[in-house]
Amino acid sequence: MVAAVALAGLQALFCLLPGLNGLGLGLAGGSVVAFVVGGLYLVLSAAAVLGSVRLYRGLDGRLLTLAAVALVVVWSVNLVLAVVLAGTVDVLSVLLLGLAVGVVVLTRKPEVRTWAA
């Protein structure tokens, strides 16, 4: 359970950075798309933090699992876009995808589900 919370904290940090960047680009450059994408990253960051706090307190683990599954999708899309558009494998996307998969696997363990029940 503690490992899932720690990995979720890292995920939240790595969602916060592009979220703030997207909001900054959206406000400074007037790009609505960058603003919306930045906002979505911030929502995922907040969901990871709130979900990890709820899991740590033993209240519920579903929010963290849902946020981690959403992050698996986001990092997978980032990885596919890096391969298709740039022709290279983005190492950061691979690492973040591994973190997100780790959170999903850890939150699905029976001990963690019992803790959060």
Side-chain angles (χ1 to χ4, degrees):
M1 185 266 311
V2 174
V5 170
L7 291 178
L10 284 173
Q11 286 289 320
L13 176 67
F14 281 109
C15 285
L16 180 68
L17 299 175
L20 293 175
N21 186 28
L23 286 179
L25 287 175
L27 290 174
S31 173
V32 175
V33 174
F35 187 78
V36 169
V37 169
L40 290 175
Y41 272 111
L42 288 179
V43 166
L44 285 173
S45 178
V49 169
L50 181 62
S52 62
V53 168
R54 290 181 57 85
L55 177 66
Y56 186 74
R57 287 187 173 180
L59 299 175
D60 188 18
R62 290 180 293 181
L63 180 61
L64 182 57
T65 303
L66 182 63
V69 168
L71 287 171
V72 166
V73 171
V74 166
W75 302 132
S76 298
V77 169
N78 282 349
L79 183 60
V80 168
L81 286 175
V83 169
V84 170
L85 296 177
T88 61
V89 176
D90 183 22
V91 177
L92 182 61
S93 291
V94 171
L95 291 173
L96 293 174
L97 180 61
L99 282 175
V101 168
V103 172
V104 171
V105 168
L106 288 173
T107 56
R108 303 300 298 165
K109 292 183 89 168
E111 313 73 73
V112 175
R113 294 178 77 176
T114 304
W115 170 266

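This one's a predicted model, so the numbers in the text were calculated from it and none came from an experiment. Residue numbers count from 1 along this sequence.
Here the closest heavy-atom approach between residue Ser52 and residue Val5 is recorded as O-CG2, 3.7 Å. In terms of heavy-atom proximity, Trp115 sits nearest to Arg57 at NE1-C, 4.4 Å. The shortest non-hydrogen separation linking Ala48 to Ala67 is N-CB, 4.1 Å.
One finds the CG atom of Asp90 at 8.5 Å from the CG atom of Leu96 (value rounded to the nearest 0.5 Å). Remark: Leu13 CG to Ser45 OG distance equals 8.0 Å, nearest 0.5 Å. Taken from CZ in Arg54 to CZ in Arg62, the straight-line distance is 8.0 Å, to the nearest 0.5 Å.
Residues Trp75 and Cys15 are in side-chain contact: their nearest non-hydrogen atoms beyond the backbone lie under 4.5 Å apart. In this structure the side chain of Arg113 reaches within 4.5 angstrom of the side chain of Arg108, judged on heavy atoms. Counting heavy atoms from C-beta outward, Val94 and Val89 have side chains that approach closer than 4.5 Å. Taking the side chain as every heavy atom from C-beta outward, Leu40 and Leu44 never approach each other to under 4.5 Å. With a 4.5 Å cut-off on side-chain heavy atoms, Tyr41 and Leu23 do not count as touching.
With Leu55 as reference, Thr107 is the one residue of Leu63, Leu106, Thr107 to meet the side chain to side chain contact (heavy atoms under 4.5 Å, CB included) rule. Looking at Leu64, Leu71, Val49 one by one, the single match for side chain to side chain contact (heavy atoms under 4.5 Å, CB included) with Gln11 turns out to be Leu71.
Val72 and Leu16 are assigned to two separate hydrophobic clusters, defined by single-linkage of ILVMFWY side chains at heavy-atom distances under 4.5 Å. When hydrophobic clusters are built by joining Ile, Leu, Val, Met, Phe, Trp and Tyr residues whose side-chain heavy atoms come closer than 4.5 Å, directly or via intermediates, Val83 is not grouped with Val91. In the hydrophobic cluster analysis, where Ile, Leu, Val, Met, Phe, Trp and Tyr join through side-chain heavy atoms closer than 4.5 angstrom, Leu50 is grouped apart from Val103. Side-chain heavy atoms closer than 4.5 Å link hydrophobic residues (I, L, V, M, F, W, Y) into clusters, and following such links, possibly through other members, connects Leu92 to Leu79. The cluster map of Ile, Leu, Val, Met, Phe, Trp and Tyr, joined by side-chain heavy atoms under 4.5 Å apart, puts Val2 and Leu10 in the same cluster.
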